Protein chains: 2
Amino acid sequence: MSGMADVIYNLGIDLTLSIIDGKWKTSIICWVGIKPLRNGELLRLMHGISQKVLTQQLRELEDDGIIQRTSYGTVPPKVVYSLTEDGRELRKVLVTLSKIGEKKAEKFNEMGRTIHITHTYKEIMPEANYSNLNVETLVKFATES
Amino acid sequence: MSGMADVIYNLGIDLTLSIIDGKWKTSIICWVGIKPLRNGELLRLMHGISQKVLTQQLRELEDDGIIQRTSYGTVPPKVVYSLTEDGRELRKVLVTLSKIGEKKAEKFNEMGRTIHITHTYKEIMPEANYSNLNVETLVKFATES
DNA sequence: CAGAATCCGGGCTGATACTG
DNA sequence: CAGTATCAGCCCGGATTCTG
């Protein structure tokens, strides 16, 4: 019975990619991986995202067990988003994929195909420590090219 | 001058994902990684893809240096697609992403979210050797669940 | 056999306005 | 502050048809 159809993927990678599929999800994972962030902070950090899309992608990442939402139940409301264990693991892979992309970018540039990558993989490595940075600094970090 | 705008990515991963972005590209890379394949073979192997989309994604993968096109210049035409060195490297990462997806699928299944993955990462490992299989066998391999 | 050309529909994203 | 709700545009993918 049930209208809840089972989901079928050809390969495991199709599931993995479906989890990070969304224009802003990889950025969200990287930012939230640096330190827990609030809705408004994410909005300012990721230049160009709309409130609606941010909420959507946060919900999906939460449903997929990549990030977790913590509400303080205060008035005015305070909510922070942080990575789950799965999220931290996924973030490591994102670093690898970033390295590959940067190598590829070099090749493309040598061949006359101009590519520019704003942030290097080192900035999103799990080892990177930005815990002492405040949001204003992070915003500068995000918006400067 | 030039209308050819430079492309800007926030992170290297955005470039990497753009390369495998396309409903069938990961499958193409995996299949072609098993052995060089012809247009018609790929069409039969990947159930549901159309000729137009296959051509599109093959071209894009070729432009991105992931696969290479070899034409024999005969009549009737014979063309085979195979992986480049970059393609073989990328394929290894796809295996990793598949492992992650399979682990995630197990968790989802335990939580009542039914996911089915048709082919395991072992089947697309670079070490897997299907060189002695003919296309008919591959088709069976591809279409059986 | 390999592929080019055309038309079309759905889904994701973005802009805007509203609410507890 | 942290969302919801609604509408609109665009791009990707699918079906079909035609060609060297």
Side-chain angles (χ1 to χ4, degrees), chain A residues 5 7-10 14 17-28 31-32 36-64 67-82 134-136 138-139, chain B residues 5 7 9-10 14 17-29 31-32 36-64 67-82 134-136 138-139:
Chain A
V7 183
I8 299 179
Y9 294 103
N10 191 31
D14 298 322
L17 290 182
S18 80
I19 288 176
I20 58 175
D21 185 31
K23 188 172 174 182
W24 305 90
K25 283 188 185 169
T26 55
S27 292
I28 293 174
W31 282 117
V32 166
L37 290 167
R38 304 178 63 172
N39 178 74
E41 294 172 335
L42 285 167
L43 225 39
R44 274 169 286 155
L45 284 168
M46 294 184 296
H47 191 64
I49 194 173
S50 70
Q51 173 63 54
K52 190 201 73 170
V53 175
L54 175 59
T55 303
Q56 271 182 1
Q57 313 219 338
L58 285 173
R59 290 284 173 279
E60 291 173 10
L61 286 171
E62 194 187 355
D63 292 342
D64 289 339
I67 66 174
Q68 59 196 163
R69 199 189 102 111
T70 309
S71 172
Y72 289 81
T74 56
V75 177
K78 176 175 179 180
V79 174
V80 299
Y81 295 93
S82 55
N134 60 26
V135 176
E136 302 319 306
L138 288 172
V139 171
Chain B
V7 184
Y9 294 103
N10 192 31
D14 297 321
L17 291 182
S18 79
I19 288 176
I20 58 176
D21 185 30
K23 187 171 177 185
W24 304 89
K25 283 188 186 170
T26 55
S27 292
I28 292 173
I29 294 170
W31 282 118
V32 166
L37 290 167
R38 305 179 63 174
N39 177 75
E41 293 173 334
L42 286 166
L43 226 39
R44 275 169 286 155
L45 285 168
M46 293 184 296
H47 191 65
I49 195 174
S50 70
Q51 173 65 57
K52 190 201 75 169
V53 174
L54 175 59
T55 302
Q56 270 182 1
Q57 313 220 337
L58 285 173
R59 289 285 174 279
E60 291 173 10
L61 286 171
E62 193 187 355
D63 292 342
D64 288 339
I67 66 173
Q68 58 197 161
R69 200 189 101 111
T70 310
S71 172
Y72 288 81
T74 57
V75 178
K78 176 175 179 180
V79 174
V80 299
Y81 296 93
S82 55
N134 59 26
V135 176
E136 301 320 304
L138 288 171
V139 171

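Given the structure is predicted, the values throughout are model-derived calculations rather than measurements. Below, chain A is the first sequence line, B the second, and so on; all start at residue 1.
Side-chain contact between P36(A) and T70(A) is absent, with no heavy atoms from C-beta onward closer than 4.5 Å. Residues I19(B) and K25(B) form no side-chain contact, since every pair of their non-hydrogen atoms from C-beta on lies 4.5 Å or further apart. Side-chain contact between I67(A) and R69(A) is absent, with no heavy-atom pair separated by less than 4.5 Å. With a 4.5 Å cut-off on side-chain heavy atoms, I49(B) and L42(B) do not count as touching. Under the 4.5 Å side-chain criterion, counting only non-hydrogen atoms from C-beta, Q57(A) is in contact with I28(A). Between I20(B) and L17(B), some side-chain heavy-atom pair lies under the 4.5 Å cut-off.
Computed from coordinates, the E41(B) CD to dC1(C) P distance equals 10 Å when rounded to whole Å. Remark: P of dT4(D) and CG of L54(A) are 11 Å apart, rounded to the nearest angstrom. Rounded to a whole Å, the CG atom of L43(B) is 13 Å from the C1' atom of dG14(D). Rounded to an integer number of Å, the gap from CD1 of I67(B) to P of dA2(C) is 14 Å.
Listed pair R69(A) / dG3(D) meets the phosphate criterion, a side-chain N or O lying under 4.0 Å from OP1 or OP2. Between Y81(A) and dG3(D) there is a side-chain N or O to OP1 or OP2 distance below 4.0 Å. The phosphate of dG3(D) has OP1 or OP2 within less than 4.0 Å of a side-chain N or O from R59(A). OP1 or OP2 of dC1(C) has not a single side-chain nitrogen or oxygen of R44(B) nearer than 4.0 Å. When the side-chain nitrogen and oxygen atoms of R38(A) are compared with OP1 and OP2 of dC1(D), none of them lie within a distance under 4.0 Å.
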Could you list the protein-to-nucleotides 11-16 of chain C atom pairs, N/O on both sides, closer than 3.5 Å?
{"residue": "dT13(C)", "atom": "OP1", "partner": "K23(A)", "partner atom": "N", "Å": "2.9"}
{"residue": "dT13(C)", "atom": "OP2", "partner": "Q57(A)", "partner atom": "NE2", "Å": "3.2"}
{"residue": "dG14(C)", "atom": "OP1", "partner": "K23(A)", "partner atom": "NZ", "Å": "2.5"}
{"residue": "dG14(C)", "atom": "OP2", "partner": "W24(A)", "partner atom": "NE1", "Å": "3.0"}
{"residue": "dG14(C)", "atom": "N7", "partner": "K52(A)", "partner atom": "NZ", "Å": "3.2"}
{"residue": "dG14(C)", "atom": "O6", "partner": "K52(A)", "partner atom": "NZ", "Å": "2.4"}

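Between dC1(C), dA2(D), dA2(C), one nucleotide has an atom nearer to the side chain of P76(B) than all others, and that is dC1(C).
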